[in-house]
Amino acid sequence: MRALIIIDVQKDFLANGFLVVPEGEKVIPVINNINHHFDVVVATKDWHPASHKSFACNHHEREVGEIVEVNDLPQILWPAHCVSNSDGAKFPEDLNTKVIEKVFEKGTKEDVDDYSGFFDNGKLNDTGLHDYLQSKGVKEVYVAGIALDFCVKYTALDAKALGYKTFMIEDASKGINFRPNDVQNAIIDMKVSGIRVIHSRELEKVFSGDY
Ligand SMILES: [Zn+2]
């Protein structure tokens, strides 16, 4: 069984959102075009309490982009984004959400961030995604969405480490490039870890085993 995991395609990461990922909206038509290829389609949502420690505004005299320690983990400070139940945490209207059978919320605990769709950054809590995929008999996962160099990358790395045959669909993902070359380096990290980085037009070839 093959699963598509759509990572954090949420209004706050798109144009006019609070944490804009350049060209983030370009992933939407690509994801809408490929979702029919998969047996299972799930999504993640960044879903933070307003008091979340990844927000610069929740630290005294700290700016967006600074790195602090939260519970012994390095934490990049972001603008407040994807607060649970806010408009910015919603899926954009043009994303086909009918095919999404389950949504996994991440970053729900105030004092730890979740870049991966599977676990928090301290690997203490899991989101239930792995159990769900196991219950569906999923062996192959295809990861796409936002941001390529953070949540897409860490989800793909965890999927691979959990034993899934793992693909990252590059044209269905966009990165933030918080540091120059983050996207390029994320792609290298994924490839080195045995994740196949593909273009959506290669899917049929991948499914037929020619890839
Ligand atoms: Zn977040």
Side-chain angles (χ1 to χ4, degrees), residues 5-28 31 42-60 62-92 95 97 100 102-130 132 143-159 168 172-179 182-183 185-186 189-190:
I5 307 175
I6 305 168
I7 302 294
D8 299 4
V9 180
Q10 289 168 271
K11 289 165 90 172
D12 265 348
F13 295 125
L14 307 175
N16 304 316
F18 286 124
L19 177 44
V20 177
V21 173
E23 302 188 317
E25 41 296 320
K26 288 200 173 167
V27 308
I28 298 168
I31 292 172
V42 295
T44 64
K45 271 187 169 180
D46 227 10
W47 197 254
H48 297 309
S51 56
H52 198 252
K53 293 284 196 293
S54 72
F55 300 169
C57 59
N58 290 327
H59 295 263
H60 186 61
R62 294 286 184 178
E63 306 266 334
V64 167
E66 281 188 58
I67 298 172
V68 298
E69 259 194 25
V70 176
N71 283 339
D72 300 326
L73 291 173
Q75 174 68 55
I76 301 171
L77 296 182
W78 304 105
H81 62 277
C82 297
V83 171
S84 54
N85 299 308
S86 68
D87 186 60
K90 289 180 181 162
F91 291 126
L95 180 70
T97 54
I100 298 172
K102 198 162 166 62
V103 176
F104 295 86
E105 293 165 357
K106 55 200 235 344
T108 58
K109 290 199 165 58
E110 176 183 280
D111 55 354
V112 66
D113 213 357
D114 294 26
Y115 288 151
S116 163
F118 289 98
F119 306 104
D120 68 58
N121 292 357
K123 290 235 160 77
L124 293 175
N125 305 288
D126 83 84
T127 60
L129 175 56
H130 181 46
Y132 187 80
V143 186
I146 296 170
L148 187 156
D149 41 352
F150 282 93
C151 297
V152 170
K153 167 185 154 179
Y154 286 105
T155 302
L157 290 175
D158 280 343
M168 193 279 285
S173 305
K174 288 286 174 193
I176 196 159
N177 271 324
F178 172 73
R179 292 161 296 240
D182 268 2
V183 166
N185 290 332
D189 289 349
M190 285 187 266

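As the structure lists them, so they are numbered: ligands from 1, and atoms in each ligand from 1. Below, all heavy atoms of this structure are taken into account, side chains as well, without hydrogens, waters or symmetry copies. For this chain, numbers begin at 1 and follow the sequence in order.
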Exercise. Considering only heavy atoms from C-beta outward, does the side chain of Phe13 approach that of Leu19 to under 4.5 Å?
Worked result: yes
For this session: Check whether any N, O or S atom of Cys151, backbone or side chain, sits closer than 2.8 Å to the Zn ion (ligand 1).
Result: no
Exercise. Would Asp8 count as a contact for the Zn ion (ligand 1), in the sense that one of its N, O or S atoms lies under 2.8 Å from it?
Worked result: no
Exercise. Just one of Asn121, Asp111, Asp120 clears the side chain to side chain donor-acceptor pair (under 3.5 Å) bar with Asn71, so which one?
Worked result: Asp111
Seminar exercise, completed: In Asp46, the N/O/S atom nearest the Zn ion (ligand 1) carries the name OD2
Seminar exercise, completed: Minimal heavy-atom distance between Val64 and Trp78, with the atoms involved, is CG2-C, 3.9 Å
Exercise. Backbone or side chain, does His81 get an N/O/S atom under 2.8 Å to the Zn ion (ligand 1)?
Worked result: yes
For this session: Test Lys106 against every option in Asp46, Asn125, Thr44 by the side chain to side chain donor-acceptor pair (under 3.5 Å) rule and name the one that passes.
Result: Asp46
